[in-house]
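Read the numbers this way: they start at 1 and go in the same order the structure lists the ligands and their atoms.
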Amino acid sequence: MTQTVLLAGATGMLGSQIARCLLDQPDARVRLLVRGGDAGKRAALDPLLARGAEIIEGDLADRASLDRATRGVDVIVSAVQGGPDVIIDGQVALAEAGRRNGVRRILPSDFALDLFKATPGEHMVFDLRRAADERIAATGIEHVHVLQGGFMDLFKPGAGVIGGDGVVRFWGDGTQPIEVTGVEDTARMTARVALDRSVGSGKFAFAGDRISILGAADVVEAQTGRMFERRPLGSEADLRAAMAAAAKDAANPLEAVMLAYQLTMLTGQTALSDLQNDRYPDLKLESFAQFAARTLPRRAAA
Ligand SMILES: NC(=O)c1ccc[n+]([C@@H]2O[C@H](COP(=O)([O-])OP(=O)(O)OC[C@H]3O[C@@H](n4cnc5c(N)ncnc54)[C@H](OP(=O)(O)O)[C@@H]3O)[C@@H](O)[C@H]2O)c1
């Protein structure tokens, strides 16, 4: 039975891929909630419109637009990014509009390690999503939390975890594995889960691989032939001290967030469990080695 899916965040890095994957599903009608203004971003949506997507102009801060967008919708997928106004106020308003208009389910913009296991106050990004998720659940709408770990894409040299300057910096001994999944695979799974009526409210976790920072560096070296210096930054106590200092540095708010991610990688506290990797037999998740082989330059033959 065809379902109508409303996607918020279709101009974004992850959302644009979810939109494409939803359009690949024969049983989905796709509607995009898009903010007006930026002509370039709108032009990027043209291929989606050509494939049948419908645009509703709106904003999570504009309640009337959320009512327009959610009428006749079965499932909402949110891939938005932002501060408390977007992640909490905006997503809760979206869920409430959905509830008013008979939407069955929402997938909030979680897309992380198991943020529900994080210690409150330690990770601002996880705190925001947990606060939003609690309020969304309280509206009574079905809610599915897609948890895929870190994006493998961030382990490409220069993308965040492994330095573009040829240095891998890590806290602890760098061997704690975390779950990771490629952005494309995350989008593919999200499109399937969104439409899968047999998935109930709660966490929906999967992961293409489990890798440590140093393990990822080994894979990148084997694939590219480029060697990376390993540079330890200190113990968990040193990291926590750096986090405390960063929390007081109002001039550089991103530093605290980046350190909080490092802490999740170091402790393994937010590890995913009950992985649903095999739920859709035709959808095989890429390992990090496969991802690296597909996306990184190959080592020159000797
Ligand atoms: N686990 C990981 O390693 C990892 C890494 C990266 C991201 N993520 C997660 O993935 C999710 C998506 O992140 P992203 O990097 O793809 O985000 P992004 O590229 O920054 O895109 C954010 C999207 O949200 C939309 N948006 C923001 N405020 C809005 C509002 N008020 N009304 C309507 N739309 C609004 C933006 O629209 P405009 O184009 O109009 O601004 C854009 O389409 C987030 O939950 C993020 O935390 C996870």
Side-chain angles (χ1 to χ4, degrees), residues 6-21 31-45 48 53 55-66 68-70 76-95 97 106-115 118 123-133 136 145-156 159-161 178-187 189-190 205-209 211 213 216 254 257-258 260-262 264-265 270-272 288 291:
L6 172 69
L7 172 66
T11 52
M13 183 272 297
L14 174 63
S16 56
Q17 301 218 31
I18 295 176
R20 279 198 292 278
C21 294
R31 192 183 280 185
L32 312 174
L33 176 74
V34 178
R35 295 199 279 196
D38 185 325
K41 279 187 185 170
R42 291 296 284 262
L45 297 174
L48 303 176
I55 287 192
I56 303 278
E57 209 161 291
D59 191 307
L60 293 183
D62 171 3
R63 310 293 149 114
S65 74
L66 300 186
R68 276 200 311 278
T70 53
I76 297 169
V77 177
S78 171
V80 296
Q81 177 66 299
D85 56 326
V86 174
I87 297 297
I88 302 182
D89 304 339
Q91 291 200 109
V92 171
L94 181 60
I106 185 167
L107 280 59
S109 193
D110 294 316
F111 303 111
L113 284 159
D114 193 339
L115 53 93
H123 195 308
M124 190 264 280
V125 171
F126 288 177
D127 286 350
L128 280 186
R129 280 158 180 71
R130 254 196 338 272
D133 291 341
I136 289 168
H145 306 294
V146 175
L147 302 173
Q148 85 295 333
F151 284 143
M152 285 179 184
D153 312 57
L154 298 176
F155 288 74
K156 290 166 79 169
V161 180
I178 63 159
E179 292 77 19
V180 289
T181 307
V183 174
E184 275 185 48
D185 278 347
T186 302
M189 281 292 255
T190 302
F206 55 90
D209 214 335
I211 50 169
I213 295 183
L254 267 187
V257 171
M258 295 319 294
Y261 278 115
Q262 297 281 346
T264 64
M265 294 185 72
T270 49
L272 300 181
F288 184 64
F291 172 84

Chemist: Using heavy atoms and a 4.0 Å limit, tell me yes or no: is G149 in contact with ligand 1?
Modeler: yes

Chemist: List every atom of ligand 1 that sits less than 4.0 Å from any heavy atom of L14, numbering the atoms from 1 in the order shown and giving each element.
Modeler: 10 (O), 16 (O)

Chemist: Atom 42 (C) of ligand 1: which of T11, T264, V125 has the nearest heavy atom?
Modeler: T11

Chemist: Please name all residues satisfying side-chain hydrogen bond (donor to acceptor under 3.5 Å, both in side chains) with D127, sequence neighbours left out, ordered by chain then number.
Modeler: R130

Chemist: Going by the order shown, which atoms of ligand 1 are within less than 4.0 Å of some heavy atom of L154?
Modeler: 3 (O)

Chemist: For G12, is at least one N or O under 3.5 Å away from an N or O on ligand 1?
Modeler: yes

Chemist: When you look for heavy atoms under 4.0 Å from ligand 1, do you find them on the side chain of D85, its backbone, both, or neither?
Modeler: neither

Chemist: Any atom of ligand 1 sitting under 4.0 Å from a heavy atom of G150?
Modeler: yes

Chemist: Could you establish whether A79 and ligand 1 come within less than 4.0 Å of each other, counting only heavy atoms on the residue side?
Modeler: yes

Chemist: Less than 4.5 Å apart, side chain to side chain, heavy atoms only: is that true for F206 and L272?
Modeler: no

Chemist: Which of the atoms of ligand 1 are close to D59, meaning less than 4.0 Å from one of its heavy atoms?
Modeler: 30 (C), 31 (N), 32 (N)

Chemist: Who are the side-chain hydrogen bond (donor to acceptor under 3.5 Å, both in side chains) partners of R35, not counting sequence neighbours?
Modeler: none

